[in-house]
**Student:** 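I am attaching a structure below and will ask some questions about it afterwards.
Chain naming here is simple, since letters A, B, ... match the order of the sequence lines and numbering starts at 1 in each.
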Amino acid sequence: MNEQSQTPLPERPQLNRRFRLQWEESQQANVLLYPEGMVQLNASAAEILKRCDGEHTIDELISEIEAVFNETNLRDPIEGMLRAAFDKDWIL
Amino acid sequence: MSQAAIKPPFWLLAELTYRCPLHCVFCYNPVNYTETSNELNTEDWIRVFEQARELGAAQLGFSGGEPLLRDDLDTLVAHARKLGFYTNLITSGVGLNEKRIASLKQAGLDHIQLSFQDSTKEINDFLSSTKTFDLKKKVAGLIKQYDYPMVLNVVLHRQNIDHIDKIIDMGLELGAEYIELANTQYYGWALKNRDHLLPTHDQIIQAEAIVNRYREVIGKQCKLLFVTPDYFEQRPKACMNGWGSVFLDIAPDGAALPCHNARELPGLDIPNVKEFSIHDIWYDSKAFNFFRGFDWMQEPCRSCSEKEKDFGGCRCQAYLLTGDAAAADPVCSKSPKHNVITQAIHQAHAAKPQDGRIEHPIVFRTDKNSRDLTQPID
């Protein structure tokens with residue numbers, strides 16, 4: 001892994017203004033749009049990124065997601081997803 | 001290919017006009033662009049956007065020519081944005097003053113890609129046959145001031161590729177988030193000027209090494225995209241990610257094209273948005289189904305294990321260089337016509353234009369040259 005992965009995650013992650021999160025009817029999925037590109041998101045990634053608003057702390061975000069999917073012990077997969085999103089510059 | 005197997009278009013390129021204040025020697029616009037008149041009007045474009053968006057297109061590029069020459073650009077951006085498109089303006093910067101950029105921001109424009117021809121005023125202004133270098137720098141400042149993500153695009157060729165470090169420095173200094181270092185693709189005007197533009201293999205290897213060195217240093221600050229010239233590859237590019245697969249180009253006159261240069265290919269019966277809906281064009285037209293899937297392929301593509309990776313390469317390049325649009329892209333070393341590529345490289349380097357003893361002088365993209373070069377069509 002490169003150095004960036006060692007940087008701690010932001011306390012209140014925020015979607016990078018270079019990316020736009022939106023629902024695409026034709027794909028029945030949320031996507032991230034950016035200059036000349038697009039990433040399709042699965043349901044959990046979309047729920048996580050929607051809460052990257054610069055206000056939710058990571059702990060708050062995790063408890064909300066666990067409520068949405070009616071599950072517990074999601075900390076590891078959520079932090080993993082946030083780490084990947086951070087390394088890709090989706091969140092700051 | 002069955003209709004059910006056809007995926008919707010993703011990327012809509014709106015070539016609003018072929019008019020352009022620049023005269024770049026590597027322009028991919030058709031050499032006979034002066035024959036194309038009757039630009040689509042505002043209503044036509046809005047209809048195209050609505051229909052393409054309904055099919056699922058998400059990215060919309062406003063291009064040309066110079067899209068800022070259209071007075072209705074702001075209106076078109078506003079409509080596109082309202083429909084949910086991610087809107088990209090692909091511009092030379094000429095005509096982008098503060099009033100205009102503020103109004104585009106208001107309209108919801110998402111991103112601006114600004115082209116430079118070089119890091120030096122001399123080469124930039126020579127290659128575009130204009131005095132635009134200082135103006136472009138001013139425009140880059142405006143793009144940052146209005147908080148747009150900025151992609152700096154520089155087309156590379158023999159005349160500027162050795163300045164690649166200076167070009168990257170310039171991009172970083174201007175605050176670009178992406179720098180696209182795209183080697184010239186040889187279509188249109190660029191093909192006419194190939195002997196002047198084709199770099200040497202050594203130049204490319206050196207340039208790529210410099211790009212990689214910068215990548216290590218600059219990290220997240222800026223992404224460098226280096227597009228190698230396919231003449232020096234052993235396998236062709238996956239052109240358009242496959243014919244009729246993601247890309248839909250609407251030319252200024254409403255011609256719907258599966259790629260920028262499809263107009264040059266024979267027998268496609270190019271449909272026009274003035275006559276057909278985007279749905280019918282994408283799914284049913286002869287042009288968009290012509291090279292879809294793999295049934296049209298000849299050997300060596302047909303039985304090639306890599307056909308799903310590169311789709312046989314570029315149809316326009318196959319046609320322009322072998323005379324057969326269904327042939328393997330001659331860039332591929334498996335192509336029986338691969339020698340046309342090696343010959344082109346040899347010829348370009350034998351020409352030595354720097355001696356001033358060139359057989360064909362460099363041809364700028366001008367209306368006069370376009371008319372002079374246009375062959376009457378039977």
Side-chain angles (χ1 to χ4, degrees), chain A residues 1-55 58 79-92, chain B residues 7-13 51-63 80-90 108-114 143 146-153 175-180 182 215-223 225 227 241 246-247 279 282:
Chain A
M1 292 301 282
N2 58 24
E3 265 175 55
Q4 286 157 10
S5 298
Q6 306 313 318
T7 319
L9 286 172
E11 208 175 312
R12 297 170 195 270
Q14 183 166 19
L15 193 65
N16 184 339
R17 65 172 177 83
R18 283 192 238 158
F19 294 84
R20 195 162 91 215
L21 176 66
Q22 84 182 22
W23 173 255
E24 281 297 290
E25 193 60 35
S26 65
Q27 301 177 48
Q28 290 296 301
N30 280 287
V31 300
L32 271 189
L33 291 164
Y34 53 93
E36 298 174 30
M38 177 177 67
V39 186
Q40 196 183 75
L41 302 169
N42 62 26
S44 48
E47 290 302 327
I48 295 167
L49 289 180
K50 273 185 206 166
R51 288 166 178 78
C52 291
D53 51 8
E55 294 185 8
I58 291 178
E79 284 188 344
M81 192 271 160
L82 286 172
R83 168 61 60 195
F86 183 71
D87 285 347
K88 287 186 179 132
D89 260 1
W90 298 351
I91 56 170
L92 301 171
Chain B
K7 283 191 227 135
F10 160 59
W11 175 239
L12 174 65
L13 187 67
Q51 292 175 350
R53 182 72 187 129
E54 204 170 314
L55 292 194
Q59 289 282 349
L60 172 51
F62 293 95
S63 176
R81 188 63 179 76
K82 220 181 295 166
L83 292 167
F85 275 110
Y86 191 91
T87 50
N88 307 274
L89 174 65
I90 301 157
L109 181 68
D110 289 294
H111 143 244
I112 297 177
Q113 184 195 112
L114 176 66
I143 292 172
Y146 280 80
D147 197 32
Y148 281 106
M150 175 164 66
V151 175
L152 201 79
N153 177 285
E177 271 113 343
Y178 303 82
I179 304 177
E180 227 175 71
R215 281 189 181 130
E216 281 170 27
V217 178
I218 59 182
K220 275 186 168 194
Q221 178 192 350
C222 176
K223 274 205 171 71
L225 311 165
V227 183
N241 204 30
V246 292
F247 187 78
H279 181 280
W282 185 257

**Student:** Mind checking which of residues 41-53 of chain A sit less than 4.5 Å from chain B, heavy atom to heavy atom?
**Tutor:**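 From residues 41-53 of chain A, none sit under 4.5 Å of chain B.
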
**Student:** Show the nearest heavy-atom pair for residues A/Met38 and B/Ala58, with the distance to one decimal.
**Tutor:**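 Closest approach of A/Met38 to B/Ala58, heavy atoms only: SD-CB, 4.1 Å.
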
**Student:** Check whether B/Glu180 gets within reach of chain A through its side chain, its backbone, both or neither, counting any heavy atom under 4.5 Å.
**Tutor:**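 Only the side chain of B/Glu180 comes within 4.5 Å of chain A.
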
**Student:** Once rounded to the nearest 0.5 Å, what's the spacing between atom CD of B/Glu54 and atom OG of A/Ser26?
**Tutor:**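 Answer rounded to 0.5 Å: 10.5 Å.
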
**Student:** To the nearest 0.5 Å, how far apart are NZ in B/Lys220 and CG in A/Asp89?
**Tutor:**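 With rounding to 0.5 Å, NZ (B/Lys220) is 4.0 Å from CG (A/Asp89).
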
**Student:** Need one label for B/Pro8: side chain, backbone, both or neither, based on atoms under 4.5 Å from any heavy atom in chain A.
**Tutor:**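 The answer is neither part of B/Pro8.
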
**Student:** Applying a criterion of heavy atom separation less than 4.5 Å, what residues of residues 12-24 of chain A form contacts with chain B?
**Tutor:**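 At a heavy-atom separation under 4.5 Å, chain B is reached by A/Arg17, A/Arg18, A/Arg20, A/Gln22, A/Glu24.
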
**Student:** Going by salt bridge (Lys or Arg N to Asp or Glu O under 4.0 Å), name the residues that satisfy it together with A/Glu79, two or more places apart in sequence or in a different chain.
**Tutor:**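 So A/Glu79 forms a salt bridge (Lys or Arg N to Asp or Glu O under 4.0 Å) with A/Arg75.
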
**Student:** Just so I understand: if I count every heavy-atom pair under 4.5 Å between each of B/Asn88, B/Thr87, B/Ile90, B/Asp147 and chain A, which residue has the most?
**Tutor:**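 Ranked by heavy-atom pairs under 4.5 Å with chain A, first place is B/Asp147.
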
**Student:** So, is the end of the B/Lys223 side chain (NZ or CZ) under 6.0 Å from the ring centre of A/Tyr34 and within 45° of the ring's axis?
**Tutor:**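 Not satisfied by the 6.0 Å and 45° rule.
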
**Student:** Does A/Ala29 have any side chain to side chain contact (heavy atoms under 4.5 Å, CB included) partners at least two apart in sequence or in another chain, and if so, which?
**Tutor:**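 Counting only residues at least two positions away or on another chain, A/Ala29 forms a side chain to side chain contact (heavy atoms under 4.5 Å, CB included) with A/Gln27, A/Gln40.
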
**Student:** Would you name the heavy atoms of A/Pro35 and B/Val151 that are closest together and state the gap between them?
**Tutor:**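 Looking at all heavy atoms of both residues, the shortest contact is CB-CG2, 4.2 Å.
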
**Student:** Quick check on B/Ile112 against chain A: is it the side chain, the backbone, both or neither that has a heavy atom closer than 4.5 Å?
**Tutor:**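 When you check distances to chain A, no heavy atom of B/Ile112 falls under 4.5 Å.
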
**Student:** What option among B/Tyr86, B/Trp11, B/Phe10 has the most heavy-atom pairs under 4.5 Å with chain A?
**Tutor:**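 Most heavy-atom pairs within the cutoff with chain A belong to B/Tyr86.
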
**Student:** Assess whether atom CD of A/Glu11 is packed by more than 12 heavy atoms of other residues, nucleotides or ligands within 6.0 Å.
**Tutor:**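 Not more than 12 within 6.0 Å, no.
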
